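Values below: all heavy atoms of this structure, side chains included; hydrogens, waters and symmetry mates excluded. The model shown is predicted, which means the values in this text are computed figures rather than measured ones.
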Amino acid sequence: MTGKTILISGASIAGPALAYWLRRHGFQPTIVERASAPRPGGQAVDIRGAAVDVVDRMGLLEEVRANDTAIKGMSYVDSEGRTIANLGAAFGVVDKRDVEIAKGELTRILYAATREHVEYLFGDAITGLTEDANGVAVTFEHAAPRRFDLVIGADGLHSNVRSLTFGEEATFLHHLGLYVSIFSTPNATGLDHQQQIHATPGCVATLTSSRDREAAKAVFFFGSGQLTYHHRDTATQQRLLTEAFADTGWEVPRLLRAMPEAPDFYFDSVSQIRMHTWHQGRVALVGDAAYASSALSGQGTGLALVGAYVLAGELAAADGDHEIAFASYEAAMRTYVEKNQKLGTGNVQRFAPATSAAIRMQNISLKMLKYLPFKALMMKAMTKGVADAANSITISDYARPTAPAQPVPPFRKMAQTTC
């Protein structure tokens, strides 16, 4: 086997999933992650279609289901908190096999499944990649330089590996006209496995309580052209969010006051990454780094899980020959990616209506939904596009991998615990 040592940048979803399958296929993966530990928090994410099969093949589906958000229902509310429309827990469910789980919980599960057999370098980042005929020389912010056979960027929308290898982010990032912010907050309203949604022109605020009764998750979307800020400048991001929702009622003022204390504040554009190729030489990309579909597609996690499975499988099938494997990976994934990215672009206008009139029409439609005949058939028709996209790839079995026989060497455990 060639290309055996593989450095992965990013320890969210795609990175650990890729490392899991690489290890099962006999490769030696190392993950470098800028954060000091697996990141908690984050929004609820969906696992659908082919991604459910991938998690099942990992032997993790039972644990993932045990950590489902278990939302009982959702409702739209006005500025005074009065209910406009109640929607059941099944609203928007595409398939009974689907799972909704907090991103931080899924990250925790994937980390637990890989930490004994994968080297993790937390609190560090790649600063340089120099490729030659035999591998890639890598420099880090803190660790000593090392060589790897291959490097994979699984480091998200603002991928460092993509910038180092393919060039400026602006070349590939396509802004969809919205921004999103997510953070944890005390469950002051006493929600119990419920989600409340408040919409104003161009803005949507939601509050959700799932597994932790003491805490809730606040999610904000607002329409805007591209804003100027650094993606790690939290103070500016919080100012922009406060300005966007300055005149909004309901629970929004309280949530914004509590925002600076949130341990997991997140803010970013709702954007997609579109590239003609996801590999160059000995470097490839997976997940959001290669083909972010945006939060509005509901398929970012699915793309990451399936992409990791396919990339590792193609490397195994090619016996580590990266030129063959990377090309096969792209061929297998391209249609699946395009169909799921189309979901994201199509949902922008429907998700955050830009006018008061559009919001009134939306509210009337939601109120009437439960009274309409053939409601089940209508819901099935509404979710057909999502189901088709989620199942638009047939994942191969590849060579049936075997579990790793030996634990990670002692020096690798030290790399995990001393960062």
Criterion side chain to side chain contact (heavy atoms under 4.5 Å, CB included) on Val118 and Thr30, from CA distance to verdict: CA-CA 6 Å; Val118 173; Thr30 295; over 6 Å; no
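Side-chain polar atoms of Thr127 and Thr139 form a donor-acceptor pair below 3.5 angstrom.
Listed by chain and residue number, Tyr179, Tyr229 satisfy the ring pair (Phe, Tyr, Trp, His ring centres under 6.0 Å) test with Phe267 (two or more places apart in sequence, or in another chain). For Gln272, the side chain to side chain donor-acceptor pair (under 3.5 Å) partners are Arg274, not counting sequence neighbours.
Judged by the 6.0 Å distance and 45° axis criteria, Arg334 is positioned over the aromatic ring of Trp278.
The side chain to side chain donor-acceptor pair (under 3.5 Å) contacts involving residues 279-303 comprise Thr277-His279, His279-Glu330, Tyr291-Tyr329, Ser293-Ser297, Gln299-Asn340, where partners must be two or more places apart or lie in separate chains. Residue pairs meeting the salt bridge (Lys or Arg N to Asp or Glu O under 4.0 Å) criterion with at least one member in residues 221-239, sequence neighbours excluded: Arg239-Glu243. For residues 248-269, the set of pairs meeting the side chain to side chain donor-acceptor pair (under 3.5 Å) definition, not counting sequence neighbours, comprises His158-Asp268, Ser184-Asp264, Lys217-Asp264, Glu251-Arg254, Ser269-Ser271. Sorted by first then second residue, the salt bridge (Lys or Arg N to Asp or Glu O under 4.0 Å) pairs that include residues 167-193, not counting sequence neighbours, are Lys72-Asp192, Arg162-Glu169, Asp192-Arg213.
Between Arg57 and Asp53 there is no salt bridge, since none of the side-chain N atoms of the basic residue sits less than 4.0 Å from a carboxylate O of the acidic one. A salt bridge does not link Arg65 with Glu62: none of the charged nitrogens is closer than 4.0 Å to a carboxylate oxygen. For the pair Asp149 and Lys4, the salt-bridge criterion is not met [side-chain N within less than 4.0 Å of a carboxylate O].
With rounding to the nearest 0.5 angstrom, the CD1 atom of Ile101 is 7.5 Å from the CZ atom of Arg108.
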